[in-house]
*Asks:* 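This is the structure I want to talk about, given as C-alpha cells.
We name chains A, B, ... by the order of the sequence lines, and we start the count at 1 in each one.
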Protein chains: 2
Amino acid sequence: MRLLVAEDEPHIAADLRGALEQAGYAVDLAVDGEAAWFQAEVEAYDAMILDLGLPRLDGLSLLRRLRGAGSTMPVLILTARDGWREKVEGIDAGADDYLAKPFRMEELLARLRAILRRAAGHASALLVAGPLELDTRSRTVAVDGRALALTALEYRLLAYLLHHRGRAVPAGELLDHLYDGEAERETNAIEALLARLRRKLGTPLIETRRGHGYVIAAA
Amino acid sequence: MRLLVAEDEPHIAADLRGALEQAGYAVDLAVDGEAAWFQAEVEAYDAMILDLGLPRLDGLSLLRRLRGAGSTMPVLILTARDGWREKVEGIDAGADDYLAKPFRMEELLARLRAILRRAAGHASALLVAGPLELDTRSRTVAVDGRALALTALEYRLLAYLLHHRGRAVPAGELLDHLYDGEAERETNAIEALLARLRRKLGTPLIETRRGHGYVIAAA
DNA sequence: CGCGCGCTGTCAGCGCAATGTCAGCGGGGC
DNA sequence: GCCCCGCTGACATTGCGCTGACAGCGCGCG
C-alpha cells in the first residue's frame, strides 16, 4: 500500500511518515496543495492523508478538484479546527474520514485501515484466503495457524494481493503500489520478491495468470 | 434508502428517527442487540447506526457477529465513551465510521452520506452477451456461469468485440487495436487467435460476416 | 566506529505457455 | 463450377515468468 501525505508542517509530516512506514506503508510527502495535486495525478496511491491548512491550494479545494476529476482515492482529512461545520463540509466534499488534531497515531492508523479495506470492499480487518490469514491490525500472517515471519516488502505484497482478491493484479501495478517514488525498479524485482514469498508460504496460494497478473487462490 | 437504528435510549432513538426521516430515509428501530441482530438478518438495510452500549448483546459483539457472517453492510458506530482505544477497537471490528456522543445531527448525516456513497461505488463493470459474461474489473470471463481461462490476447479480442457489439469488426481493425505498433502481422494471426477463442467458448457466439468482419451474436 | 547479517534489486539462463506462420481444405458467392 | 475468403491443425519461435547466484545497502550490535 502506497500513501500520499499532504502536510506542510515539517515536524508532523516527519512523524507521520515515520509511523506510517513503521506500519508497513510506502509513503510519499507533498508540502503544498499544488504539489499534492500533481503527485496524485501522476502517481498511483491507495489513499491520501490530507491536511486542510495547506499553502498554495487548500485541502478542501484540492479534494473537490480531485473528486471533480473523477478520482475515487480514499482521503483522510486532518485538521486543527474542530468545528462540526468544517467536518460536514469536508466529508461532503468527498472525504472518507475526518480526524482533528491533536490525534493519537493509533487512531489514525485504525481509520486508515478502515478506509483502505472499505475501498477494497471488505468489512473485516482480518483478510482470509483458504489456510492463509493476514491481520492488518497486528501486521501478522499465518498459514494453517502457524505464524510466518515476513519481511516488510513481502507483507506489503501479500496484503495488496489480498485487498484485491478475485482480481488478477499485473506486475506493473504492484511496482506502482509497493514502492514510494524514490527509485525505479524493473518488474523482475516483483518476480524475485514473489518467489521468496511463495517459498515462505509453502502452499501454492498465489497463482500466476500469464499476461494478466497474479491472483490469490479463491478457496 | 433504508436504515436500521440500534439504540436503547428512547429519547435519542426518537431524535434519530425524526432527523433521519426528515432527511428522507426509511428508518427501523431496534432496542437491544439481539433484536438488531434479528432485524439485520431478516431485512435488507442500506446501513446501520449502532450504539455501542446496548442491552442483551453489546454493539461490538453484534458488529463482529455480523462481519463474521459475511455482511458488508455499512455500519456507523455511536458511543458515549470517547477514548481512542474504544475507537480503534470499533473501527477494527469492522465499523465504517465512528461518532462520539454528543454529536451534531448534521455531522451524523454527513458521515452517513459518506458511507452510503462509498458502498455504492463497488459495482463492477460487466459486459454481457447471452450466456457470456466478461468482468472488466477482475478480467474474468464466464459462459453459463462457468469461468474460462483465457490468454491475454484472447481476452483483449473478446473485450474489443464486446465493446463494439452490434457492429461487424473487420480483421484489419482488430490487427490495429490488439497489438502495439511494433511488429507487422498478417490477418491470419487473427483467424488463428479467433479459432482458439471460439474453441474455448464452446458456444457459437462469434459470427463471421464474410467480407465485413466479426460480430458478437446479439442474443 | 567497524563489522556482519539480513533484505532486496539485478543479472543471466532456462523452460514452457502463448502465439504467429504455413499449408491444406472447405464452402459460400457470383 | 470456379475462386477466394476464411478455418484448422501442425509446427516454429518468441518472450514471459521462474530460479539461483551475487552484490549493494542499511541497520544493529559489538
*Asks:* Can you check whether B:Arg198 has a side-chain N or O nearer than 4.0 Å to OP1 or OP2 of D:dC7?
*Replies:* yes

*Asks:* Give the rounded distance in Å between these two atoms: CG of B:Leu193 and P of C:dA18.
*Replies:* 12 Å

*Asks:* In whole angstrom, what separates A:Glu184's CD from C:dT10's P?
*Replies:* 10 Å

*Asks:* Can you tell me how far P of D:dA10 sits from CZ of B:Arg196, to the nearest Å?
*Replies:* 12 Å

*Asks:* Are A:Glu9 and A:Lys101 close enough, and set up right, to give a salt bridge (charged side-chain N to carboxylate O under 4.0 Å, His left out), and what steps lead you there?
*Replies:* CA-CA 13 Å; A:Glu9 163 59 47; A:Lys101 299 180 193 170; over 6 Å; no

*Asks:* In terms of heavy-atom contacts, does CD of A:Gln22 have more than 12 from other residues, nucleotides or ligands at under 6.0 Å?
*Replies:* no

*Asks:* Reckon B:Glu154 touches a base, only the sugar-phosphate, or nothing at all at heavy-atom distances under 4.0 Å?
*Replies:* nothing

*Asks:* Between A:Ala171 and A:Arg199, which has a closest nucleotide on DNA chain D that is more 5'?
*Replies:* A:Ala171

*Asks:* Check this for me: does any side-chain nitrogen of one of A:Arg117 and A:Asp135 sit under 4.0 Å from a carboxylate oxygen of the other?
*Replies:* no

*Asks:* Output yes when B:Glu89 and B:Arg85 qualify as a salt bridge under the 4.0 Å nitrogen-oxygen rule, no when they do not.
*Replies:* no

*Asks:* Determine all donor-acceptor pairs shorter than 3.5 Å in which one atom belongs to a side chain in residues 187-194 of chain B; sequence neighbours excluded.
*Replies:*
none

*Asks:* Short question: side chain of B:Arg198, backbone of B:Ile206 - any donor-acceptor pair under 3.5 Å?
*Replies:* yes

*Asks:* Please enumerate all protein N or O atoms sitting under 3.5 Å from an N or O of nucleotides 1-5 of chain D, with distances to 0.1 Å.
*Replies:*
from  : atom 1 : to       : atom 2 : distance (Å)
D:dC5 : O2     : B:Arg210 : NH2    : 3.1

*Asks:* Return the value, rounded to whole Å, for the distance between atom CG of A:Leu175 and atom C1' of D:dC16.
*Replies:* 15 Å

*Asks:* Let's see if you can work this out: which of D:dT8, D:dC18, C:dG20 has an atom nearest to the side-chain heavy atoms of A:Leu194?
*Replies:* D:dC18

*Asks:* Establish, with yes or no, whether the OP1 or OP2 oxygen of D:dG17 is under 4.0 angstrom from a side-chain nitrogen or oxygen of A:Tyr214.
*Replies:* no

*Asks:* Nearest-Å distance, CZ (A:Arg185) to P (D:dA23)?
*Replies:* 20 Å

*Asks:* Check the distance between D:dC7's P and B:Ile206's CD1 and give it to me in whole angstrom.
*Replies:* 10 Å

*Asks:* Counting just side-chain N and O atoms, does A:Tyr179 come under 4.0 Å of either OP1 or OP2 of C:dT8?
*Replies:* no

*Asks:* Quickly work out the A:Glu207 CD to C:dA17 P distance and round it to whole Å.
*Replies:* 14 Å

*Asks:* With the threshold set at 4.0 Å, does a side-chain nitrogen-carboxylate oxygen contact exist between A:Arg2 and A:Asp176?
*Replies:* no

*Asks:* Can you figure out which of C:dA23, C:dT19, C:dC7 approaches the side chain of B:Ala152 most closely?
*Replies:* C:dT19

*Asks:* What contact category does A:Leu153 fall into here, base, sugar-phosphate, or nothing, at under 4.0 angstrom with non-hydrogen atoms?
*Replies:* sugar-phosphate

*Asks:* If only side-chain N and O atoms of B:Thr151 are considered, is one of them under 4.0 Å from the OP1 or OP2 phosphate oxygen of C:dT19?
*Replies:* yes

*Asks:* Answer yes or no: does a side-chain N or O of A:Thr208 lie under 4.0 Å from OP1 or OP2 of D:dC18?
*Replies:* yes

*Asks:* Quick one: do the B:Glu173 and B:Tyr160 side chains pair a donor with an acceptor below 3.5 Å?
*Replies:* yes

*Asks:* Rounded to the nearest angstrom, tell me the gap between atom CG in B:Leu150 and atom P in C:dA17.
*Replies:* 17 Å

